Chemist: 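If you scroll down you'll find the structure; I have some questions about it.
Because the structure is a prediction, the values reported are computed rather than measured. The analysis underlying the following values was restricted to heavy atoms, covering all of them including side chains, and did not include hydrogens, waters or symmetry mates.
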Amino acid sequence: MNFRAGQRLRRNDDFRAVREQGRRMDCGAFLLTWRTRPADSQPSNPRVGVVASRASVGNAVHRNRAKRRLREIYRRHQTFVPPGLDLVLTARAALLRLEFADVEQRFANACRKLMPASPPTNG
RNA sequence: UUUUGGGGCCAGACCUUCGCUCCGAGUUCUUUGAACAAGGAGAGGAAAGUCCGGACACCAUAGGGCAGGAUUCCCCCUGAAAGAGGGGGCGGAGCGCUUCAAGGCGCUUUGACGGACAGUGUCACAGAGAAUAUACCGCCGUGCGGGCAACCGCACGGUAAGGGUGAAAAGGUGGGGUAAGAGCCCACCGCGCCGAAAGCAAUGACGGCGGCACGAAAAACCCAAUCCGGUGCAAGACUAAAUAGGGGACUCGGCGGCCCGUCGGAUAGUCCCGGGUUAGUCGCAUCCCGCUGUGUCUCACGCAAGUGGGGCAACAGGGGGACUGGUCACCUUCGGGUGGCUUGAGAGAAAUGAAGAUCACGCCGCAUCAAUAGUGCGGUGGACAGAAUCCGGCUUAACGGCCCCAAAACUAA
RNA sequence: GCGAAUGUAGCACAAUGGAUAGUGUAGUAGCCUCCGAAGCUAUUGAUCCCGGUUCGACUCCGGGCAUUCGCA
């Protein structure tokens, strides 16, 4: 199960679009934000961006660690995410205190709710 | 053996499965190019803070002066340089010994360690007096008055010994001297000046002279000496794409604190409004060797420009070697060795991760044992912290372990 | 990453190196009022931290911490 740079959000515009037009779900350890890409771009694999701020997580070591855990969880469960979606995972303070399996379970539950949803797009 | 202080080193090891970044033999797609991929490499002692110093890049050709900033420079050594490191000298503080005391000697520790007769300013409160010293109490003398007297009061003088105030009271201690006192005189000490053994030097054993003339603070302004052009890899270079050859205002400008000087030139420059691009590549990666060039130091020749010799190694180029990891071949006393080839973290919303197992280590509990140790079982812990242009320092953070040195205490011989 | 600036009561600001660090507002208690508001009186509360210079530090100097800002 690969997870290359092409599957990640790399532009500031992408992050801003997800944050302004997307829907949110609080999963305790992290905040899940998602948005369907516009119809003109061909439907492809979902993309994801990971955010861990210094204020909520801590110093550089903890920020890197939080992002690695979120990336690893997404890598294992990316088949649950429908195509054509952009996700943003924002780390919360509790992320590094919880067990890895616990956080993994929370992401799987969130993806199950994600399936039937049809998030609004601004045409 | 324990404790304390100082210095140095390490920052658990190994295996399995999946994954990330870079390099990539090679394979496929008949090419430009794209996809897949064996294999290899992949965080620190502080990568941190960004406090100093450089390299490198651009801005003027980086020149002179002023302004501004930094440092102290008491000396020697190391270093490319440094608010860098090491050693010494000098001073402060503490402790011990000694002295009547001042002081001296030893040990430890510490010092942003030039200058307070170049100048300006400050020293609150308290206190009589705080920098041209000062007479409140006290001490002493003379005169007058009172009292039998001891003595008391007043006035005029002398006096810095004593009290008291303060952070600090204008050399200290002892003796002589005096009406009482005072470097007024003497001895020792301190201080200043001169000479000087020794030492590369700072410094200075020791000797002589001066009777004291020199309060603190320059981390107040300042003065002296030395150094510094500015900006920082988001420096900067190149390629591609896109938009526009707009509108308005002003003027010689480049010029970065200012001036001189210098350079360029109206098809010029600055500012504002509006519009567009904000994509990619390079910069961007081990260490050593002086071969060539740059730079720098030095010696010889020369009036000079310069020429020649030698030293240093920060930068550019080229060559060679070493080390780390890997691999292949050979040898082997099975510890390893020799040779060939290859590699040297380099991201860009930013790679080194996730899960599991074993061993070693620390701590806790239980069992075994008379007790400790040891052994067994179970639990638990591993900090501080993540490269972002590179290098030399400084500072700060932190769990634990090992080694060395010094001091003290205890035990044994 | 590189480079700057600022830290004083809960909040907004003062203080030449020298009394017990002030002012407004907020808080608490009391007075006033039928009850509140306003007003009056009293009171609590602070120099970001650690060192150094000085007789004496919010102030001067050094180191740390925190916050804010700028640069393609």
Chemist: Any strand is fair game: report the nucleotide pairing with B:C341 by Watson-Crick or G-U wobble, both distances under 3.5 Å, or none.
Modeler: B:G326
Chemist: Given that both distances must come in under 3.5 Å, which nucleotide forms a Watson-Crick or G-U wobble pair with B:U368?
Modeler: B:G374
Chemist: Could you pull out the closest heavy-atom pair between A:L95 and A:A29, with the gap in Å?
Modeler: CB-O, 3.5 Å
Chemist: State plainly whether the residues A:E72 and A:R75 are in salt-bridge range, i.e. N to O under 4.0 Å.
Modeler: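 Looking at A:R75 together with A:E72, the answer is yes, because their closest N to O distance falls below 4.0 Å.
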Chemist: What nucleic acid atoms does A:R65 come within less than 4.0 Å of, heavy atoms only: base, sugar-phosphate, or nothing?
Modeler: sugar-phosphate
Chemist: Whether A:R71 contacts B:A351 is assessed here as follows: a side-chain N or O lying under 4.0 Å from the phosphate OP1 or OP2. Is that the case?
Modeler: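 Checking B:A351 against A:R71, a side-chain N or O does come within under 4.0 Å of OP1 or OP2.
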Chemist: Which string of ( ) [ ] | and . matches RNA chain C, if you list each base 5' to 3' and count Watson-Crick or G-U pairs only when both distances are under 3.5 Å?
Modeler: (((((((..((((....[...)))).(((((.......)))))....(((((..]....)))))))))))).
Chemist: Checking contacts here: which listed nucleotide (B:C18, B:G386, B:A355) is nearest the side-chain heavy atoms of A:R75?
Modeler: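 So the side chain of A:R75 is nearest to B:C18.
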Chemist: Nearest to the A:R76 side chain among B:A349, B:G386, B:A355, which nucleotide is it?
Modeler: B:A355
Chemist: Syn versus anti for B:A279, judged by chi lying within 90° of 0?
Modeler: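 With its glycosidic angle more than 90° from zero, B:A279 counts as anti.
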Chemist: Mind checking who B:A234 pairs with, Watson-Crick or G-U wobble, both distances under 3.5 Å?
Modeler: none
Chemist: The side chain of A:E72 lies closest to which of these nucleotides: B:A351, B:A354, B:A387?
Modeler: B:A354
Chemist: Suppose we define a pair by two distances each less than 3.5 Å, Watson-Crick or G-U wobble; what does B:A67 pair with here?
Modeler: none
